[in-house]
Amino acid sequence: MKPAPALVEGFPDLSGMQIAREPHWFRWLGAALIILVLAAIARAFANGQIEWSYVSRFLTAKVILEGIVNTMVMAVLAMALGIFLGIVVAVMRLSPNPVLQTVAAGYTWLFRGTPLILQLLLWFNLALVFPTIGIPGLWSARAVDVMTPFLAALLGLGINQGAYTSEVMRAGMLSVDIGQYEAAQAIGMGRLRALRRIVLPQAMRVVIPPLGNEFIGMVKATSLASVIQYPELLHNAENIYYANSRVIELLIVAGLWYLLVVSILTPLQMLLERRFARGTLRLAR
């Protein structure tokens with residue numbers, strides 16, 4: 001390093017000095033270890049007992065395509081039910097009525113506190129508790145006929161999602177300034193109308209990112225419905241490898257489809273976030 005030049009007005013002139021750069025040995029060592037681990041994993045898959053021809057063959061098989069369609073239908077319907085229940089429960093939690101607050105808190109506690117797979121099994125076996133269901137004097141049917149795998153999966157996934165979505169929606173509503181509520185009351189808006197016209201549109205900017213993540217999680221959570229025989233992607237892949245014993249190949253097929261769906265949904269989520277962020281000071285650049 002060159003010596004510092006003579007003082008100028010009492011301070012050394014540092015413009016001619018060289019900058020000493022830190023070598024960052026640990027950063028390069030960490031990167032090298034990561035590359036070695038990835039290479040070892042790739043080598044294991046390349047040399048493993050995997051018939052890649054089966055992967056390409058079943059990737060577009062009819063039963064697999066039907067499974068991905070059933071997966072997306074269930075994810076959309078269950079998420080819609082979860083959002084509806086989440087909004088209702090969030091409004092109840094913010095209500096001054098203590099009964100509504102207690103019921104909403106109890107709902108959230110119950111469905112967040114028990115495993116999702118347990119809830120799916122309970123809905124599917126509801127006939128053991130209620131042999132018949134319906135409206136007394138108007139309609140009744142055997143629960144075993146009504147509670148199909150589709151309906152059991154929809155109720156299990158949707159109601160469970162509602163418990164999580166309610167907390168997301170409540171956080172979004174609380175993010176809206178209290179002055180917005182007061183302004184709505186000042187112009188004669190009722191509580192529900194103010195919620196629909198003023199509060200929820202502003203809360204969407206806050207709730208869209210977590211709701212997008214929840215929907216991506218819902219797509220993967222539908223795989224749990226395979227335990228109640230709902231014909232989603234993983235269930236159909238399991239049926240194939242039960243017949244031909246190509247377990248790892250069919251699991252790779254299912255994994256590739258899940259990755260494809262998530263890869264499509266992620267940029268769509270970003271576009272939706274950007275749309276609801278219009279007019280704010282911090283836009284995504």
Side-chain angles (χ1 to χ4, degrees), residues 67 69-95 97-135 139-173 192 195-196 200 203-204 207-235 258 261 265:
V69 170
N70 291 337
T71 292
M72 294 309 300
V73 168
M74 179 57 65
V76 170
L77 293 179
M79 194 66 194
L81 177 60
I83 291 175
F84 172 77
L85 292 175
I87 294 174
V88 172
V89 174
V91 172
M92 292 170 63
R93 285 289 298 271
L94 297 176
S95 171
N97 189 324
V99 176
L100 295 180
Q101 290 183 9
T102 303
V103 172
Y107 166 84
T108 304
W109 167 79
L110 177 63
F111 288 99
R112 288 202 307 175
T114 53
L116 176 55
I117 192 171
L118 173 63
Q119 297 174 35
L120 290 170
L121 290 171
L122 286 174
W123 282 111
F124 188 60
N125 294 282
L126 192 66
L128 298 176
V129 181
F130 301 100
T132 60
I133 56 177
I135 303 174
W139 170 81
S140 64
R142 296 193 310 164
V144 69
D145 297 328
V146 175
M147 198 56 61
T148 61
F150 174 84
L151 184 58
L154 177 60
L155 293 176
L157 293 169
I159 294 176
N160 176 269
Q161 183 61 47
Y164 291 91
T165 305
S166 66
E167 293 300 292
V168 174
M169 297 303 301
R170 186 167 68 94
M173 294 178 189
L192 292 179
L195 182 68
R196 180 173 58 88
L200 284 180
M204 292 302 292
V207 303
I208 284 296
L211 283 184
N213 290 332
E214 290 292 331
F215 180 64
I216 291 175
M218 175 64 74
V219 172
K220 295 177 290 184
T222 56
S223 61
L224 294 176
S226 62
V227 300
I228 58 174
Q229 307 305 310
Y230 177 69
E232 46 75 50
L233 175 59
L234 183 60
H235 179 265
Y258 283 120
V261 170
L265 292 177

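Values below: every heavy atom of this structure, side chains too, minus hydrogens, waters and symmetry copies.
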Trainee: Test Asn70 against Met74 for side-chain contact (heavy atoms from CB on, under 4.5 Å), laying out the working first.
Mentor: CA-CA 6 Å; Asn70 291 337; Met74 179 57 65; over 6 Å; no

Trainee: To the nearest 0.5 Å, what is the distance between CZ (Arg142) and CD1 (Ile133)?
Mentor: 11.5 Å

Trainee: Please name the pair of heavy atoms, one in Ala221 and one in Leu116, separated by the smallest distance, quoted to 0.1 Å.
Mentor: CB-CD2, 4.1 Å

Trainee: Can any side-chain N or O of Glu214 pair as donor or acceptor with the backbone N or O of Gln161 at less than 3.5 Å?
Mentor: no

Trainee: At what distance, to the nearest 0.5 angstrom, does CD1 of Ile208 lie from CZ of Phe215?
Mentor: 12.0 Å

Trainee: With respect to Met92, which candidate in Leu100, Thr108, Thr102 satisfies the side-chain contact (heavy atoms from CB on, under 4.5 Å) definition?
Mentor: Leu100

Trainee: Please identify which of these residues, Val76, Leu157, Leu77, meets the side-chain contact (heavy atoms from CB on, under 4.5 Å) condition with Met218.
Mentor: Leu157

Trainee: Are the side chain of Tyr230 and the backbone of His235 linked by a donor-acceptor contact shorter than 3.5 Å?
Mentor: no

Trainee: Determine whether Leu155 and Met147 make a side-chain contact, defined as any pair of heavy atoms from C-beta on separated by less than 4.5 Å.
Mentor: yes

Trainee: How many angstroms lie between atom CG of Leu120 and atom CG of Leu154, to the nearest 0.5 angstrom?
Mentor: 10.5 Å

Trainee: Carefully, step by step, assess Met79 and Val219 under the rule side-chain contact (heavy atoms from CB on, under 4.5 Å).
Mentor: CA-CA 9 Å; Met79 194 66 194; Val219 172; over 6 Å; no

Trainee: Can you give me the closest heavy-atom contact between Leu118 and Thr114, atom names plus distance?
Mentor: CD2-CB, 4.3 Å

Trainee: Measuring from Ile117:CD1 to Leu122:CG, what's the distance to the nearest 0.5 Å?
Mentor: 11.0 Å

Trainee: What I'd like to find out is whether the side chain of Leu85 reaches to under 4.5 Å of the side chain of Thr165, using heavy atoms alone.
Mentor: no

Trainee: With side-chain contact (heavy atoms from CB on, under 4.5 Å) as the criterion, how do Leu211 and Met169 come out once you've worked through the C-alpha distance, each side chain's angles and the decisive distance to 0.1 Å?
Mentor: CA-CA 9 Å; Leu211 283 184; Met169 297 303 301; 4.2 Å; yes

Trainee: For the side chain of Thr71 and the backbone of Leu233, is there at least one donor-acceptor N/O pair under 3.5 Å apart?
Mentor: yes

Trainee: Between Ile228 and Trp123, is the side-chain contact (heavy atoms from CB on, under 4.5 Å) condition met? List the steps.
Mentor: CA-CA 9 Å; Ile228 58 174; Trp123 282 111; over 6 Å; no

Trainee: Work out which heavy atom in Val146 is nearest to a heavy atom in Ala141; give both atom names and the distance.
Mentor: CG2-CB, 3.7 Å

Trainee: Which value, rounded to the nearest 0.5 Å, describes the distance between Leu151 atom CG and Asp145 atom CG?
Mentor: 12.0 Å

Trainee: Heavy atoms only: give me the nearest Glu232-Ser226 pair and the separation to one decimal.
Mentor: OE2-CB, 3.3 Å

Trainee: Give me the atom names and distance for the closest heavy-atom approach of Ala163 to Tyr107.
Mentor: N-OH, 3.4 Å

Trainee: From Leu81 CG over to Asn160 CG, what is the distance, rounded to the nearest 0.5 angstrom?
Mentor: 11.0 Å

Trainee: Show the nearest heavy-atom pair for residues Arg93 and Gln101, with the distance to one decimal.
Mentor: O-CG, 3.6 Å

